[in-house]
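Following: one structure in structure tokens, then a few remarks.
The analysis underlying the following values was restricted to heavy atoms, covering all of them including side chains, and did not include hydrogens, waters or symmetry mates.
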Amino acid sequence: MALAMPGVPATLPELLPGKGVGVGDSWPIVSEAAKSRAGYDALASNSLKAKVEVLDADTAKMKLAGEVRGAENGAEGRITFDGSFTFDR
């Protein structure tokens with residue numbers, strides 16, 4: 001049995017800022033990436049933000065937090081994110 005995870009891999013770069021950032025900087029996650037991370041077909045609201053927590057020569061660790069509301073196959077839902085991801089530079 002295969003495990004299905006929400007998210008379209010092509011939207012992963014949209015979690016990153018469109019400009020240079022430093023530790024403590026934050027940015028809103030674009031709606032398409034938020035919708036993909038939540039696994040929704042339709043998006044009602046998105047307060048998802050990323051913030052740089054650690055930055056060194058090899059990696060950048062970001063906090064991902066906020067709420068995404070939407071619908072999948074007509075069923076409405078709300079997902080609260082409170083996690084982190086690491087980007088290999």
Transitive ILVMFWY side-chain link [X] to [Y], under 4.5 Å:
X: L43; Y: I79; result: yes
X: L48; Y: V52; result: yes
X: W27; Y: L12; result: yes
X: L55; Y: F87; result: yes
X: V21; Y: V54; result: no

Check [X] against [Y] and note the closest heavy-atom contact, atom names and distance.
X: K49; Y: P28; answer: CG-CA, 4.1 Å
X: K51; Y: G24; answer: CE-O, 3.5 Å
X: F85; Y: A50; answer: CE2-CB, 4.5 Å

E67: salt bridge (charged side-chain N to carboxylate O under 4.0 Å, His left out) partners, not counting sequence neighbours: R69, R78
Salt bridge (charged side-chain N to carboxylate O under 4.0 Å, His left out) involving D58 - partner list, sequence neighbours excluded: none
Distance in Å, K61 NZ paired with K63 NZ, rounded so as to fall on 0.5 Å steps: 9.5 Å
4.5 Å side-chain heavy-atom contact, F81 and I29: no
Side chain to side chain, L16 and M62, heavy atoms closer than 4.5 Å: yes
Heavy-atom neighbours of E76 CD exceed 12 at 6.0 Å: no
Partner residues of T59 under the side-chain hydrogen bond (donor to acceptor under 3.5 Å, both in side chains) criterion, sequence neighbours left out: D56
